[in-house]
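FYI, the numbering just counts along the sequence from 1. Owing to the predicted nature of the structure, the values given are computational and were not obtained by experimental measurement.
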Amino acid sequence: MRSEELGETLLTKRLALPIFASDPLSSVAYATQEILLVLTLGGLAYLHFTPWIAASVVALMTVVVLSYRQVVHAYPSGGGSYEVASTNLGPSAGLVVAASLMVDYVMTVAVSVASGVDNIISALPALVDYRVPMALVFVALLTAMNLRGVRESGHMFAAPTYLFIGGVLIMVATGLLRYVLGDAPVSESAAYGIRPEAGESDLMGLALVMLVLRAFSSGCTALTGVEAISNGVPAFRRPKSKNAATTLAAMGLIAITMFVGVTTLALIAKVHITDNACRLTGLGGDCEGHTQRTVIAQVAAAVFGGDSVGFYFIQAATALVLILAANTAYNGFPLLTSILAQHRYLPHQLHNRGDRLAFSNGILALAVVAGLLLWGFKANVTSLIHLYILGVFTSFTLSQSGMVRHWNRELRTETDLVVRRRHHLARTINATGAVVTGLVLVIVLATKFTQGAWLAVLAAGVLWLLMRAVRRHYDSVAAELEVTDPHSELAPPSRVFAIVLVSTPHKPTLRALAYARAFRPYQLEALTVAVDPEALADLQHKWQEYDIQVPLKVISSPYREITRPVVLYVRSIRRAGPRDVVAVFIPEYVVGHWWENALHNQSALWLKSRLLFTPGVVVISVPWQLHSSRHANHPAVRAPGAVRRGEPAPPGQSAGKPVGHDRPT
């Protein structure tokens with residue numbers, strides 16, 4: 001796609017919802033389960049806390065959605081939490097947000113894909129041994145789809161997301177209707193009891209509070225990805241801020257409705273789930289080989305029947321949307337890293353768009369790291385979830401604190417009473433969001449730190465240090481390259497001393513000598529290193545036979561070194577004339593096959609690598625195309641999309657016919 005076609009990739013609200021909100025919408029599939037898994041550590045006695053914890057999660061999501069609507073309107077450029085924190089709290093705070101979000105985006109891919117695989121296994125238990133390969137294949141497919149571009153991936157992901165929303169809402173409505181009519185659904189695990197984990201029975205006081213807080217922090221996974229829309233405002237059609245805010249509100253309303261519905265049905269159906277099947281009482285048989293279905297799978301089976309079309313539809317839609325939920329990170333992570341690269345905190349390559357106008361390098365980096373996590377943690381959701389959501393609440397807290405300072409600054413200059421009232425209301429919303437998310441951040445740290453969250457903290461800290469180091473490097477390079485005196489920089493060297501490196505007087509050497517003569521240097525000489533006396537004698541004989549009118553300089557090398565004597569000789573010339581430029585011409589072979597590189601040019605490569613570090617020395621490669629390079633296909637192959645763009649075929653290649661299929665003339 002041409003750069004001018006970037007506007008055609010902008011998204012309508014209908015497409016933006018599945019692209020940017022698939023993560024918070026899909027987290028409905030496991031947020032309730034994470035609450036129940038923690039509460040059942042104490043057995044069944046503490047499940048009555050579930051409604052209160054769910055209500056707290058809903059209240060928190062409402063506050064966060066309202067807070068980010070203010071961010072979308074105030075900062076529509078797409079920096080989201082990073083831009084808010086950087087502008088209002090300083091660059092260091094902005095980097096904390098950026099590092100936290102990058103870690104969380106990686107975790108979003110890992111957790112979403114692992115959870116999707118779990119739901120596939122719930123429907124097809126025979127696939128349990130293929131958990132990790134399935135997860136890695138899904139990451140590869142997501143990567144390929146996102147490399148096609150934002151709009152294309154949106155079309156692919158829209159249908160599964162809307163099918164999941166529709167399926168869950170129908171399931172909730174059906175289950176609640178059955179409950180009202182006196183035919184309450186009953187889960188397959190309702191008859192099982194749960195043996196408390198050692199030390200987790202009869203909890204009182206602080207221990208009980210910690211259990212509830214830990215369940216709440218696990219349930220807060222429902223909020224992951226809420227900030228993605230604020231990062232992706234530039235991807236919306238105009239009016240960008242309004243469309244983004246509307247999409248954010250729709251996402252919040254749908255997510256809350258589905259989360260409340262699934263949690264309610266899980267309690268009505270008496271879903272009992274634990275982190276270890278052997279803690280289920282009344283199970284019978286081999287507990288080690290028992291695979292527990294996910295909460296949403298048990299609810300669907302209770303509402304529609306375990307072998308019904310409705311059950312398999314919910315499982316298929318859930319698995320698909322959970323895997324596609326990683327797309328939120330595939331859009332948020334490359335956008336964020338692009339902005340950071342533009343601000344010189346990450347390598348510039350991450351700011352470049354690929355052939356399909358997607359940030360290809362960021363997409364590939366995300367895929368590689370997420371794939372390594374899935375492989376290292378065996379695609380286990382319970383293991384990965386402890387590293388999750390920490391970054392989200394760090395960015396929530398700092399961005400909302402930054403928004404409070406933003407509104408304070410606006411209020412100092414605003415005189416219109418109506419506008420001031422709006423600013424006061426917005427500041428109140430953001431202040432509430434900052435306090436609430438700050439408390440949740442403390443809870444998440446306290447309850448998850450020792451269970452694996454320390455890894456996320458460590459990764460964010462390393463990223464923070466790395467980004468500061470990258471910025472220092474770019475700043476130092478920019479300062480070093482800054483032109484202070486244009487006249488002195490443009491002053492030509494006093495003389496050019498040309499050296500042609502010679503090993504054998506063959507065609508490449510003669511071409512290099514001719515090329516060096518064309519430069520009309522002040523002095524030209526050929527340079528060879530005497531390693532083999534017989535080879536040196538042959539070289540000197542042919543030099544006279546060919547009547548080459550260039551003096552041949554011979555350097556003795558008793559220890560058979562080549563690179564070191566050449567470098568020392570070149571440096572001696574530089575010392576003799578500090579204002580001179582030494583141009584070193586190196587004949588090189590151009591080969592047609594990758595394996596031929598191992599057979600040629602090794603000495604030349606090593607020499608170049610050493611000479612490039614010598615000030616005042618210019619290294620010039622003089623290519624000689626070997627026969628194999630003239631028949632290589634790859635130099636003449638057209639770029640992807642060349643036919644579509646109407647570009648002419650390379651010489652010797654007919655339109656629509658691949659190179660190498662023409663008969664030789």
Side-chain angles (χ1 to χ4, degrees), residues 20-21 23-24 27 31 56-75 78-90 92-108 111 213 216-233 244-245 248-249 251-252 255-256 259 328-329 332-333 336 387-407 426-449 453 456-457 460 464:
F20 290 112
D23 181 22
S27 62
S56 301
V57 172
V58 168
L60 179 61
M61 180 176 285
T62 304
V63 170
V64 170
V65 168
L66 290 174
S67 299
Y68 269 100
R69 279 173 58 87
Q70 313 305 318
V71 174
V72 164
H73 286 296
Y75 293 91
S81 300
Y82 163 70
E83 184 178 358
V84 173
S86 298
T87 304
N88 298 287
L89 302 177
S92 293
L95 287 185
V96 171
V97 169
S100 302
L101 281 177
M102 282 194 286
V103 171
D104 231 63
Y105 279 137
V106 172
M107 295 309 308
T108 294
V111 171
L213 290 178
F216 170 69
S217 66
S218 294
C220 286
T221 52
L223 278 77
T224 54
V226 170
E227 80 294 334
I229 291 177
S230 68
N231 293 333
V233 177
L248 188 57
M251 178 271 296
I256 287 171
F259 173 68
T328 297
F333 183 90
L336 178 60
L387 284 72
Y388 203 20
I389 78 171
L390 186 68
V392 166
F393 282 99
T394 302
S395 67
F396 284 172
T397 304
L398 290 175
S399 67
Q400 300 316 306
S401 302
M403 285 301 296
V404 172
R405 296 193 69 174
H406 167 80
W407 297 124
R427 183 177 65 177
T428 302
I429 292 172
N430 289 129
T432 304
V435 171
V436 172
T437 55
L439 289 172
V440 175
L441 176 60
V442 173
I443 293 169
V444 171
L445 269 174
T447 57
K448 289 180 175 285
F449 190 82
V457 175
W464 186 86

If you compare all heavy atoms of Phe396 against all heavy atoms of Val226, which two are closest, and at what distance to 0.1 Å? CZ-CB, 4.2 Å

If I compare all heavy atoms of Ala434 with all of Thr397, which pair ends up nearest, and what's the gap? O-CG2, 3.9 Å

So which of His406, Gln400, Glu83 actually passes side-chain contact (heavy atoms from CB on, under 4.5 Å) with Val71? Gln400

Between Gly252 and Val65, the two heavy atoms sitting closest are CA-CG2, 4.0 Å

Where Ala244 and Val72 come nearest, the two heavy atoms and their spacing: CB-CG1, 3.6 Å

Rounded to the nearest 0.5 Å, how far apart are CG of Leu223 and OG of Ser27? 7.5 Å

Show the nearest heavy-atom pair for residues Ser230 and Ser81, with the distance to one decimal. OG-N, 4.4 Å

Under 3.5 Å: donor-acceptor pair, side chain of Trp464, backbone of Ser100: no

Taking only residues two or more places apart in sequence, or in another chain, which ones meet Thr428 in a side-chain contact (heavy atoms from CB on, under 4.5 Å)? Thr432

Please answer whether the main-chain N or O of Asn88 pairs with a side-chain N or O of Arg405 as donor and acceptor at a distance below 3.5 Å. yes

Grab the two heavy atoms, one from Leu60 and one from Cys220, that are nearest each other, plus how far apart they are. CD2-SG, 3.7 Å

Measuring only between side-chain heavy atoms, which start at C-beta, is Met403 closer than 4.5 Å to Ser67? no

I need the Leu398 CG to Leu95 CG distance, nearest 0.5 Å. 11.5 Å

Applying side-chain contact (heavy atoms from CB on, under 4.5 Å), name anything that partners Ser86, two or more places apart in sequence or on another chain. Tyr82

